[in-house]
Protein chains: 2
Amino acid sequence: METTYINRKDHIKQVAQQLFRKNGYTATSMRNLAGEIGIEPASLYSHIKAKEDILQQICFGLANDFFSAANPICDSLMSPEEKLRRAIVAHIQVITNNLDASAVFFHDWRHLGTESLKKFRTLRSEYEELFRSIVREGMAECVFRKVNEKFMVLTIFSAMNWTYEWYQPGTNLNSEVIGNNVADMLINGLKTI
Amino acid sequence: METTYINRKDHIKQVAQQLFRKNGYTATSMRNLAGEIGIEPASLYSHIKAKEDILQQICFGLANDFFSAANPICDSLMSPEEKLRRAIVAHIQVITNNLDASAVFFHDWRHLGTESLKKFRTLRSEYEELFRSIVREGMAECVFRKVNEKFMVLTIFSAMNWTYEWYQPGTNLNSEVIGNNVADMLINGLKTI
DNA sequence: TATCTTTGCTAACGAACGTTAGGTTTTAGA
DNA sequence: TCTAAAACCTAACGTTCGTTAGCAAAGATA
């Protein structure tokens with residue numbers, strides 16, 4: 001799971017993810033974090049500069065994962081429908097494989113400092129553009145219905161990004177199946193064909 | 001908008017919604033709230049018992065709105081597809097007409113106290129069951145595809161509940177059109193028919 | 001074994017937190 | 001106009017916050 005680690009810094013990140021997910025970034029104190037790890041609060045500062053550093057690590061680390069998963073798909077020569085399907089599956093796999101980080105990512109990114117916040121928003125726009133270009137391509141080829149492009153992408157993200165709220169590893173289906181189901185639902189609708 | 005009020009208590013709720021939405025419940029202090037209203041922090045306690053009271057008002061108030069919108073639709077004799085479409089539109093209208101409250105509702109409900117939290121979770125289950133029964137009905141009539149029922153409902157809620165993240169009154173379409181678009185997308189899929 | 005770096009500790013800093021006590025001003029009804 | 005309630009104030013309470021200073025222990029390198 002998300003409990004393996006090599007060094008203290010990674011350990012801090014792991015535990016922080018769990019606590020931030022459970023109680024929220026603001027409601028989690030450095031004393032909570034230190035206590036959960038089993039060290040004194042001041043000792044944290046041998047490994048990190050500030051509380052916000054941890055949040056940055058989590059948010060930008062996961063952003064990187066999302067890009068790494070989506071980029072090769074977008075650069076490929078598959079059809080728009082196949083691209084979209086695979087991009088959805090890849091996105092959902094990143095989420096389900098990093099549930100703690102995802103929860104923090106979607107919930108607490110706004111508590112990043114001014115500069116990080118700006119960077120985060122830029123990355124998010126860039127990432128959304130990846131999906132938007134697939135959708136645009138599909139509309140041009142008349143494979144996707146021609147509705148407001150931004151709106152379609154937002155609905156796709158809506159359906160994908162809520163996953164962390166309910167997905168429970170073990171009790172649910174595995175992440176690839178979940179991803180394919182969401183993709184199916186979005187592409188074909190819930191109506192019988 | 002959400003800026004009209006009658007008495008101080010409602011005024012406090014309105015301003016609190018805005019601040020909670022912008023900065024989060026935990027990161028918003030009673031001093032912030034009082035300052036925004038234009039009174040001293042201690043004066044708040046002539047109208048409310050505690051900070052959490054405000055959160056309760058917001059969360060359970062909106063929960064009530066959701067039920068009021070969905071119940072008559074579920075009790076009607078329309079087809080499952082029509083029921084679902086209308087329930088989706090109604091749900092999204094509640095969100096877009098209460099953007100501040102919705103953001104707090106979806107974001108900060110977990111900061112409710114133990115007892116309220118339990119009550120909240122129960123209400124949420126009940127509300128989900130309303131949609132689940134429509135979906136079940138639709139599957140039984142072979143109007144909806146037979147996939148995991150819980151999963152289908154979760155995807156529907158995913159698509160609906162993210163609306164508050166991006167909807168901007170004025171710049172976007174009006175709430176009924178948005179709702180119908182989401183319903184369309186979910187029911188028919190994004191593929192051309 | 002001696003030296004340097006990493007990791008952790010105790011103690012404490014100033015600031016901010018939610019909330020209360022107790023008094024004053026404003027408002028509304030008789 | 002008098003009175004009681006509602007609204008708001010100043011001041012402060014005990015607590016918790018993120019973080020720092022300064023020092024000790026542990027581990028790695030020579």
Side-chain angles (χ1 to χ4, degrees), chain A residues 3-60 104 107-117, chain B residues 3-60 104 107-117:
Chain A
T3 47
T4 54
Y5 55 90
I6 313 164
N7 56 42
R8 207 47 355 147
K9 197 172 180 184
D10 288 346
H11 190 193
I12 291 172
K13 190 186 164 195
Q14 300 280 359
V15 176
Q17 282 174 4
Q18 294 169 21
L19 292 180
F20 291 172
R21 180 188 185 188
K22 194 177 173 193
N23 306 319
Y25 172 75
T26 314
T28 303
S29 72
M30 296 302 269
R31 285 169 177 83
N32 294 150
L33 178 54
E36 192 70 23
I37 293 173
I39 59 176
E40 294 300 315
S43 304
L44 291 168
Y45 291 86
S46 294
H47 305 94
I48 55 155
K49 278 190 305 183
K51 188 185 181 187
E52 204 211 303
D53 274 17
I54 308 176
L55 186 60
Q56 287 180 24
Q57 278 181 55
I58 298 172
C59 289
F60 292 111
V104 178
H107 224 92
D108 288 321
W109 58 269
R110 60 178 167 163
H111 293 116
L112 289 166
T114 320
E115 224 161 314
S116 303
L117 204 54
Chain B
T3 47
T4 52
Y5 56 92
I6 312 164
N7 55 42
R8 247 296 106 101
K9 197 172 179 183
D10 288 347
H11 189 193
I12 291 172
K13 190 187 165 195
Q14 301 280 358
V15 175
Q17 281 174 5
Q18 294 168 21
L19 292 180
F20 292 172
R21 180 190 185 187
K22 194 178 171 193
N23 306 318
Y25 172 75
T26 314
T28 304
S29 71
M30 297 302 269
R31 286 169 177 84
N32 294 151
L33 178 53
E36 192 70 21
I37 293 173
I39 59 176
E40 294 300 314
S43 303
L44 291 167
Y45 292 86
S46 292
H47 305 95
I48 55 155
K49 277 190 303 180
K51 188 185 181 187
E52 205 210 302
D53 273 17
I54 309 176
L55 186 60
Q56 287 181 25
Q57 277 182 54
I58 297 172
C59 289
F60 292 112
V104 179
H107 224 92
D108 288 320
W109 59 268
R110 58 178 167 164
H111 293 116
L112 289 166
T114 320
E115 225 161 314
S116 302
L117 204 54

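Both backbone and side-chain heavy atoms feed into the values below; hydrogens, waters and symmetry mates do not. Below, chain A is the first sequence line, B the second, and so on; all start at residue 1.
For A:Met30, counting side-chain heavy atoms from C-beta on, the closest listed nucleotide (D:dG18, C:dC9, D:dC8) is D:dG18. Taking the side chain of B:Ala42 as heavy atoms from C-beta on, and the options D:dC17, D:dG18, C:dT20, the nearest nucleotide is C:dT20. For A:Glu40, taking side-chain heavy atoms from C-beta onward, the closest of the listed nucleotides C:dC9, D:dG18, C:dT19 is C:dC9. Taking every side-chain heavy atom of A:Ser43 into account, C:dG8 is the closest of D:dT19, C:dG8, C:dG18. You'll find that the side chain of B:Ser29 is closest to C:dG18, out of C:dG18, C:dC9, D:dC8. Nearest to the side chain of B:Ala50, among C:dG8, D:dG18, C:dT19, sits C:dT19. Checking C:dC17, D:dC8, C:dG18 against the side-chain heavy atoms of B:Asn32 singles out C:dC17 as nearest. Nearest nucleotide to the side chain of A:His47, out of D:dA7, C:dG8, C:dT19: C:dG8.
Between the OH atom of A:Tyr45 and the P atom of C:dA11 there is a distance of 19 Å, rounded to whole Å. Rounded to whole angstrom, the span from the CD1 atom of B:Ile39 across to the P atom of D:dA7 amounts to 11 Å. The distance between atom CG of B:Leu44 and atom P of D:dA7, rounded to the nearest whole Å, is 13 Å. Note: CD1 (B:Ile48) to C1' (C:dT20) measures 13 Å, nearest angstrom. As rounded to whole Å, 11 Å separates atom C1' of D:dC8 from atom CD1 of B:Ile12. Separating the NZ atom of B:Lys49 from the P atom of D:dA7 is a distance of 17 Å, rounded to the nearest angstrom. Atom pair A:His11:NE2 and C:dG8:C1' shows a separation of 15 Å (rounding to whole Å applied). With rounding to whole Å, B:Ile37 atom CD1 is found 13 Å from D:dA7 atom P.
Residue B:Thr28 is classed as a sugar-phosphate contact, given heavy-atom separations below 4.0 Å to backbone atoms only.
Taking side-chain N and O atoms only, A:Ser46 has no distance below 4.0 Å to OP1 or OP2 of C:dG8.
In this structure, the separation between CD on B:Glu115 and CD on B:Glu52 is 10.0 Å, given to the nearest 0.5 Å. Within the model, atoms NE2 of A:His107 and CG of B:Asp108 stand 6.0 Å from one another, a figure rounded to the nearest 0.5 Å. Between the CG atom of A:Leu55 and the CZ atom of A:Arg110 there is a distance of 11.5 Å, given to the nearest 0.5 Å.
Between B:His111 and B:Tyr25, the two ring planes are parallel [angle under 30°; tilted spans 30° to 60°].
Across the interface with DNA chain D, nearest-nucleotide mapping of B:Pro41 and A:Arg31 shows B:Pro41 to be the residue nearer the 5′ end.
Looking at A:Lys22, its side chain never comes within 3.5 Å of a backbone N or O of A:Thr28 through a donor-acceptor pair.
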